[in-house]
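The structure appears below as structure tokens.
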Amino acid sequence: MRLRFVDLFCGIGGFHLGIRAAAEALGVQAECVMACDIDAECRKMYLANFGFEPQGDVRQIPAESVPPHDVLLAGFPCQPFSIIGRMSGLADTRGTLFFEIARLLDACRPPAFVLENVKMLRNHRRGQTLARILSVLSELGYSTSHRILNALDFGLPQKRERLFIVGFREPMPFAWPSGRVPMTPLREILEQDVPPKYYASAAIVESRRRWHEPDDEPTIWHENKAGNVSKYPFSCALRANASYNYLLVNGERRLTEREMLRLQGFPDNYKIVCSYAQVRKQAGNAVPVPVVREVLVQVIRALDPSATSEDVYISTEVQPHLVMDGRPSK
């Protein structure tokens, strides 16, 4: 099976890495036939790592120019639904970008899609926003299922809960991965001999020490919006526009660029070609690669039941309403 995919709002390529890893695990060839992102710095990172530059504003892309594809991927802008933003949802201009996804689904009719957004989308406006999104997808002829998945459950030392929506043009025997992967210890994520520029000022460190003392094992100290400081053996969710002191390793230094990417599951051979400020923003907006990988393993299996491998994590949480009689369509 040759799996062609489109990567909308591609950022720095978390979905791209995830679907390639899933395809490789199943012995399937994956090819990105189109990607887009409005952020020039993200396109710069994507080009350095995947060999081609994504297109820009999705609103300027004619549907007829999009090549045929099997799976549409989109981590569409989350600020309208985030507790960090004003939560204006589809009333926000960025929120309406969902309808660009709908436009391309309607015109291109791919067999499957995977969408990702913040956890808050599920209950935004008492569920009305998500209900509207699912209604639009249903009107386009897609059967959907959605679930909140936490990166902590897929091996990453980052508490990052995100809502995933999976849809198929034809009902499929899709199974959500249950995510029972042991967490990688923070010490395996953190770098050694970090340069002084990453360390917070003495005043900031002293203010943190009023709350906690360092442990033998590394921890990440998190300052919430109320100014309270907590510490965990994992990171709270990376955020694109957070204070530079929002997360501090052992209460004393900021995460390096490589550490932020590792917390999202990006491999160490991923090239960093942007500034620290840009990588903070990019990592905060990225999707966790191991979560995407496991979701896409199940999507590919649904599209092609012959794609299987013994070393792939297997979920048994089948969604009955997505099961059809007979062999699933390809």
Side-chain angles (χ1 to χ4, degrees), residues 12 14 17-18 21 83-84 118-119 148-162 177-272 276-277 279-294 311 313:
I12 58 174
L17 289 171
I83 58 174
I84 306 303
V118 292
K119 174 185 176 181
I148 291 173
L149 300 176
N150 190 343
L152 270 178
D153 299 325
F154 292 82
L156 293 178
Q158 181 191 180
K159 183 181 179 182
R160 189 179 189 86
E161 296 176 292
R162 288 297 184 267
S178 55
R180 299 188 182 95
V181 182
M183 188 187 82
T184 300
L186 259 182
R187 63 178 178 274
E188 297 183 18
I189 295 290
L190 300 177
E191 294 189 283
Q192 304 298 318
D193 301 320
V194 174
K197 68 178 182 178
Y198 293 99
Y199 281 79
S201 68
I204 291 295
V205 173
E206 181 182 355
S207 72
R208 298 301 186 271
R209 295 289 168 84
R210 294 172 185 169
W211 291 85
H212 305 287
E213 289 295 329
D215 297 316
D216 292 336
E217 286 292 312
T219 54
I220 293 184
W221 300 23
H222 163 244
E223 183 181 32
N224 66 16
K225 293 174 69 175
N228 300 318
V229 177
S230 54
K231 66 175 181 177
Y232 304 101
F234 53 82
S235 174
C236 290
L238 301 181
R239 283 170 29 195
N241 298 310
S243 159
Y244 273 76
N245 300 311
Y246 160 62
L247 299 174
L248 293 179
V249 178
N250 295 327
E252 60 186 17
R253 72 165 178 85
R254 303 173 185 99
L255 293 160
T256 69
E257 295 93 327
R258 182 61 65 194
E259 289 169 343
M260 288 185 282
L261 291 174
R262 287 175 178 174
L263 285 170
Q264 291 285 43
F266 283 64
D268 280 359
N269 63 1
Y270 187 90
K271 299 174 185 175
I272 299 173
Y276 181 80
V279 176
R280 285 182 72 248
K281 177 182 176 183
Q282 293 163 350
N285 284 329
V287 292
V289 175
V291 181
V292 170
R293 174 189 183 273
E294 297 305 328
D311 64 349
Y313 176 79

Partner set under side-chain hydrogen bond (donor to acceptor under 3.5 Å, both in side chains) for T219, not counting sequence neighbours: W221
Qualifying residues under salt bridge (charged side-chain N to carboxylate O under 4.0 Å, His left out), relative to E161, sequence neighbours excluded: K119
Does the side chain to side chain contact (heavy atoms under 4.5 Å, CB included) test come out yes or no for V194 and T256, once each step is laid out? CA-CA 8 Å; V194 174; T256 69; 3.8 Å; yes
Quick one: CG on L263 to CZ on R258, what's the gap to the nearest 0.5 Å? 12.0 Å
With sequence neighbours left out, the residues meeting salt bridge (charged side-chain N to carboxylate O under 4.0 Å, His left out) with R254 are none
For E257, give me all partners under salt bridge (charged side-chain N to carboxylate O under 4.0 Å, His left out), at least two apart in sequence or on another chain. none
Those residues that, when tested against Y199, pass ring-ring contact (aromatic ring centres under 6.0 Å, His included) (two or more places apart): none
Do you know the tightest heavy-atom contact between N285 and A240? OD1-CB, 3.4 Å
For P177 versus L149, what's the shortest heavy-atom pair and its separation? O-CD2, 4.1 Å
Specify whether Y270 and F266 have parallel, tilted or perpendicular ring planes, treating 30° as the upper limit for parallel and 60° as the lower limit for perpendicular. perpendicular
C236 pairs by side-chain contact (heavy atoms from CB on, under 4.5 Å) with which of E223, H222, R160? H222
Is L261 close to I12 at the side-chain level, that is, under 4.5 Å between some pair of heavy atoms? yes
Please evaluate residues I220 and L255 with respect to the criterion side chain to side chain contact (heavy atoms under 4.5 Å, CB included), reporting the C-alpha separation (whole Å), side-chain torsions for both, the decisive distance (0.1 Å), and the verdict. CA-CA 9 Å; I220 293 184; L255 293 160; 4.1 Å; yes
Please name all residues satisfying side-chain hydrogen bond (donor to acceptor under 3.5 Å, both in side chains) with R280, sequence neighbours left out, ordered by chain then number. none
Return the minimal non-hydrogen interatomic distance between G14 and V289, and the atom names on each side. O-CG2, 3.9 Å
My understanding is that only residues two or more places apart in sequence, or in another chain, count here; which of them pass side-chain hydrogen bond (donor to acceptor under 3.5 Å, both in side chains) with Q264? Q158
Who pairs with P182 by side-chain contact (heavy atoms from CB on, under 4.5 Å), at least two apart in sequence or on another chain? none
So which heavy atom on P218 is nearest to which on L190, and how close? CB-CD1, 3.6 Å
For residues S178 and R180, is any side-chain donor paired with an opposing acceptor at under 3.5 Å? yes
Nearest atoms (heavy-atom pairs only) where V292 meets G18: CG1-CA, 3.8 Å
Using side-chain contact (heavy atoms from CB on, under 4.5 Å) as the criterion, list what pairs up with A226, not counting sequence neighbours. N224, N228
Give the table of side-chain donor-acceptor pairs shorter than 3.5 Å for residues 210-217, with sequence neighbours excluded, one pair per line with atom names and distance.
| residue | atom | partner | partner atom | Å |
| --- | --- | --- | --- | --- |
| H212 | NE2 | V229 | O | 2.8 |
| D215 | OD1 | K231 | NZ | 3.0 |
| D215 | OD2 | K231 | NZ | 3.0 |
| E217 | OE1 | R187 | NH1 | 2.9 |

Would you name the heavy atoms of M183 and L156 that are closest together and state the gap between them? CG-O, 3.8 Å
Sequence neighbours excluded, which residues qualify as salt bridge (charged side-chain N to carboxylate O under 4.0 Å, His left out) partners of R262? D268
E206: side-chain hydrogen bond (donor to acceptor under 3.5 Å, both in side chains) partners, not counting sequence neighbours: none
